[in-house]
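Atom set for the values below is all heavy atoms of this structure, side chains included, hydrogens, waters and symmetry mates excluded.
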Number of protein chains: 2
Amino acid sequence: MSDVALPSYQRIRHVLRQELERGALVPGDRMPTERELVERFGVAHMTVRHAIDGLVRDGLVVRRRGSGTFVVRTRPMARSATRLQSFSDELGGAVVGGRVIRQQEIRPDRDVAEALAMSWNGRVVELVRVRTVDGTPASLQQVFIPFKFAPGLARDDLTDRSLYQYLAEAGVTLDRAEQRMFAVAAQDWHAELLGVPISTPLLAAERLSRDPENHPVELARTWSHPDLSVWVEMNR
Amino acid sequence: MSDVALPSYQRIRHVLRQELERGALVPGDRMPTERELVERFGVAHMTVRHAIDGLVRDGLVVRRRGSGTFVVRTRPMARSATRLQSFSDELGGAVVGGRVIRQQEIRPDRDVAEALAMSWNGRVVELVRVRTVDGTPASLQQVFIPFKFAPGLARDDLTDRSLYQYLAEAGVTLDRAEQRMFAVAAQDWHAELLGVPISTPLLAAERLSRDPENHPVELARTWSHPDLSVWVEMNR
DNA sequence: CTCCGAGATTGTTCTAGACAACTAGGTAAC
DNA sequence: GTTACCTAGTTGTCTAGAACAATCTCGGAG
């Protein structure tokens with residue numbers, strides 16, 4: 001099986017894509033000229049162009065008339081950010097892990113209660129996690145969820161499941177979120193857990209997610225390691 | 001003027017798009033066959049296909065091999081998600097102003113040239129602005145645009161027009177952008193222009209905008225005053 | 001050092017066909 | 001009736017060029 005005789009433009013596109021992923025070319029490099037590829041693959045010019053068209057559409061390369069075709073990126077762009085997930089969930093193939101620092105049921109303080117539109121007598125589950133990328137601390141996350149949305153969250157094991165998976169299993173779906181981003185100086189506990197000096201500038205985010213009925217479900221605060229940047233994708 | 005002799009595949013695409021918008025065909029209808037269009041426009045098969053490719057990419061029509069090309073929609077789909085504007089352009093009604101600090105044509109340094117996928121010999125226009133909200137400095141913006149996209153930008157007056165308005169008038173449209181956000185400590189010139197102490201944590205963003213052909217058009221770096229936070233809206 | 005021009009390089013557009021893959025519908029055999 | 005096959009029509013792929021336009025390189029003039 002598997003000898004399905006792909007159209008040659010797809011074959012060529014596949015080969016080129018693999019070479020990019022393998023690292024034979026890095027962003028900024030110039031690809032072979034179209035005429036060179038015509039010779040190498042023994043096809044017509046239009047076929048090579050057709051193959052490259054796909055790489056252009058995926059944003060992997062850019063054509064510059066009179067100059068060449070240049071590598072922009074060697075992997076398709078990670079979407080992230082505008083998607084309703086924690087940032088660190090998808091970091092282009094790197095190994096993402098996490099360690100739960102705190103997991104308890106508490107009374108919310110004033111800010112949290114107001115954000116979650118709940119009373120000060122209510123109960124919330126607080127969850128503090130260190131997210132790691134390839135083993136090193138990447139970001140710190142503090143999540144508040146009203147007790148009623150996740151009764152078991154204060155004790156259940158989260159090492160295997162993601163928080164969103166957990167909520168989904170509990171029948172809670174997130175519909176949209178607003179996020180506020182700003183920069184802060186690292187406090188002592190940030191610094192300790194992220195392994196940076198105190199006062200290091202950190203990228204902070206405060207996100208409030210809501211369910212389809214517009215009820216606030218989750219307040220998440222994130223502090224990101226300065227080496228980690230956050231990508232946001234925007235469309236017209 | 002305006003007789004710029006578009007490539008014929010673009011001309012054909014434009015005619016077909018207009019016919020769709022005019023309502024000559026409604027969703028579900030079959031378009032004329034490629035051979036019919038070849039006759040009607042007096043061009044080669046591949047040229048017609050090239051024209052239709054664009055309509056397919058925009059989701060206006062779908063091709064069904066052996067059957068025909070069918071209308072899906074007569075107007076381009078609204079993209080939305082996050083808006084493609086500088087964040088500070090929209091700050092909920094506050095009076096947003098700006099002061100141009102630097103406006104000049106320069107050779108790009110290495111980072112800028114790579115991001116814009118252009119040669120190191122090329123020219124870019126650099127634009128540095130202080131954005132003010134109700135009179136006080138709110139953010140600092142440094143924009144790089146390849147000279148060819150905005151030949152007059154190095155000298156034209158920008159106080160009245162927004163940069164995006166200017167680009168639109170020059171025939172340059174932005175299709176999408178990626179933005180990277182991170183935190184940095186304020187350097188001396190940041191501090192001076194924003195009126196904060198040196199080393200204050202600033203929210204920094206680097207945004208690369210592209211035109212519909214995926215060519216990088218604008219590299220924008222923004223540093224935001226710590227009192228100002230940036231809102232991002234997310235949807236599932 | 002800058003400016004300009006000639007030539008080389010590279011992507012862009014277009015032609016006129018050919019064959020392949022697929023669809024829809026009709027016809028003949030069962 | 002049902003199935004199998006055939007056929008005309010449609011899009012999909014590909015060729016072997018050719019001319020064109022934008023850009024880069026490099027050398028020479030100022």
[X] vs [N]: side-chain N/O to OP1/OP2 distance below 4.0 Å:
{"X": "Arg30(A)", "N": "dT10(C)", "answer": "yes"}
{"X": "Ser8(B)", "N": "dC14(C)", "answer": "yes"}
{"X": "Thr33(A)", "N": "dT9(C)", "answer": "no"}
{"X": "Thr69(B)", "N": "dT11(D)", "answer": "yes"}

Rounded to whole Å, please give me the gap between [atom1] in [X] and [atom2] in [N].
{"X": "Arg123(B)", "N": "dC24(D)", "atom1": "CZ", "atom2": "P", "result": "13 Å"}
{"X": "Glu39(B)", "N": "dG9(D)", "atom1": "CD", "atom2": "P", "result": "14 Å"}
{"X": "Leu37(B)", "N": "dT11(D)", "atom1": "CG", "atom2": "C1'", "result": "12 Å"}
{"X": "Glu105(B)", "N": "dT2(C)", "atom1": "CD", "atom2": "C1'", "result": "14 Å"}
{"X": "Asp53(A)", "N": "dC14(D)", "atom1": "CG", "atom2": "P", "result": "13 Å"}
{"X": "Arg35(B)", "N": "dT13(D)", "atom1": "CZ", "atom2": "C1'", "result": "13 Å"}
{"X": "His50(B)", "N": "dT11(D)", "atom1": "NE2", "atom2": "C1'", "result": "17 Å"}
{"X": "Arg63(A)", "N": "dT23(D)", "atom1": "CZ", "atom2": "C1'", "result": "16 Å"}

*Taking the six-membered ring of Phe70(B) (Phe, Tyr or Trp), confirm whether the NZ or CZ of Arg63(B) is under 6.0 Å from its centre and within 45° of its axis.*
no
*Gln104(B) vs Val125(B) side-chain heavy atoms within contact, under 4.5 Å*: no
*Side chains of Ile101(B) and Val130(B): closer than 4.5 Å at any heavy-atom pair?*
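Ile101(B) vs Val130(B): side chains touch.
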Candidate nucleotides [options], ranked by approach to the side chain of [X] - the nearest:
{"X": "Arg49(B)", "options": "dT13(D), dT15(D), dC24(D)", "answer": "dT13(D)"}
{"X": "Arg65(A)", "options": "dA21(D), dC24(D), dT13(C)", "answer": "dA21(D)"}
{"X": "Met46(A)", "options": "dT23(D), dT15(D), dT11(D)", "answer": "dT15(D)"}

*When you look at Gln103(B) and Glu126(B), which way does the side chain to side chain donor-acceptor pair (under 3.5 Å) test go after all the steps?*
CA-CA 6 Å; Gln103(B) 183 173 16; Glu126(B) 180 192 16; over 6 Å; no
*Select from Gly66(A) and His45(A) the residue whose nearest nucleotide in DNA chain D is closer to the 5' end of that strand.*
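Taking each residue's closest nucleotide, the earlier one in sequence belongs to His45(A).
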*Does Arg13(A) use its side chain to pair, donor to acceptor, with the backbone of His50(A) at less than 3.5 Å?*
yes
